[in-house]
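Reading through the structure tokens given below for one structure.
Only this structure's heavy atoms are used, side chains among them; waters, hydrogens and symmetry mates stay out. This structure is a prediction, so every number in the text was calculated from the model and none was measured. Read the numbers this way: they start at 1 and go in the same order the structure lists the ligands and their atoms.
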Amino acid sequence: MPENTQSAWSASTVAAYRQPNPRMLAEVAAGLSAPQKELPPKYFYDHRGSELFEEITRLPEYYPTRTERALLEDWMPQLVSTLGIRSLVELGAGSAEKSRIILRAMQATGIGGEYVPIDVSASFLNVTATGLRRDYPGLAVTPVVADIAEELTPPEPLSHPALYAFLGGTIGNFYPPAAIRLLGRVRAAMTNGDRFLMGVDLRKDPRRIEAAYNDSQGVTAAFNQNMLLVLNHELGSNFDPDTFEHLAFYEPVNHRIEMHLISKLEQRVRIPGMGLVPFAAGESIRTEISCKHNRSSVTELFTAAGLRLESWRQDPQGLFALVVGARG
Ligand code: AVJ
């Protein structure tokens, strides 16, 4: 573990994930006991899953990442210098490629600064932190291993004003009540001059959205199936991913993509601590929702969480938006 990793969190989280994790087992048991079986999308992201996601972001059909990157390149130098941002706290940092755009903008203001990437994947986070320390010698990097769906406590002391960033449209992976709780935790962590920067995927022609989750190379299908390997590895279950098929479709009532794994046959899967879990032929496990937004739906989420929508930027095609919020 790097010396300045927040040990109180990372030590417990890393250790817990190596042994069968009681919290994970409880979540999986609850999800697979419901009439519509469901698994939390955070379990996509073991090392392999994070690699597959990186691959998705480079697919021709997957427009969000490159669109968001262009918006960041365009806006961050001005935003960061206008606000005098001194630290970047990033929720769900992944490989932190886009964070580099913000860090470069911070570096350009000559403030030096501090970077706090928060992610569930310890291995990805540590690789990322090492690379950033090498490339930004003046930057203090303090990675935090945490599940942002559960907790958000930035390390103390933190330089202000801080920019809390939640990029990639990941807010869309939370059901609205959970999204509001998450935004509320960000709001609670913020002090007055701090800002919240969020990326959101926008409502558009469903065919365009569906193509992004059904790529022609099958990377998204492999990413989806990988979750079953994560369960096998972490819980000792015996899922055969090849007996589950990838399905992704746009659900227009709730404005969201749903990803499912469909059992190709009637089968029972053994999950230690749960026993045998039955699947009918054609039965699905919902593995992800990805809610799509517009300005008014984001305003609703922000308002419910005590945040005020301060500014909004989207690309000319209206594919993706960056939103800045302040304490309401
Ligand atoms: C960027 C994590 C929000 O919902 O689009 C990509 C994850 N799932 N393809 C998204 C994802 C399937 C993604 N997030």
Hey, can you pull the donor-acceptor pairs under 3.5 Å for the side chains in residues 267-277, sequence neighbours left out?
from: Q267; atom 1: OE1; to: T243; atom 2: OG1; distance (Å): 3.4
from: Q267; atom 1: NE2; to: T243; atom 2: OG1; distance (Å): 3.1
from: Q267; atom 1: NE2; to: S263; atom 2: OG; distance (Å): 2.9

Between [X] and [Y], does at least one N-O distance fall below 4.0 Å, as a salt bridge requires?
| X | Y | answer |
| --- | --- | --- |
| R86 | E114 | no |
| E55 | R48 | no |
| E258 | R256 | yes |

Fill in: Side-chain donor-acceptor pair present, Y43, E27, cut-off under 3.5 Å
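Yes, E27 and Y43 have a side-chain donor paired with an acceptor closer than 3.5 Å.
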Discussion item. I'd like to know if the side chain of Q107 pairs up with that of Y136 as donor and acceptor (distance under 3.5 Å, no hydrogens or angles considered).
Written reply: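 No, no side-chain donor-acceptor contact under 3.5 Å.
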Can you give me a line-by-line list of nitrogen or oxygen pairs between ligand 1 and the protein shorter than 3.5 Å?
from: ligand 1; atom 1: 4 (O); to: N173; atom 2: ND2; distance (Å): 3.1
from: ligand 1; atom 1: 4 (O); to: Y213; atom 2: OH; distance (Å): 3.4
from: ligand 1; atom 1: 4 (O); to: S290; atom 2: OG; distance (Å): 2.7
from: ligand 1; atom 1: 5 (O); to: Y62; atom 2: OH; distance (Å): 2.6
from: ligand 1; atom 1: 5 (O); to: Y213; atom 2: OH; distance (Å): 2.5
from: ligand 1; atom 1: 8 (N); to: E288; atom 2: OE1; distance (Å): 2.7
from: ligand 1; atom 1: 8 (N); to: E288; atom 2: OE2; distance (Å): 3.4

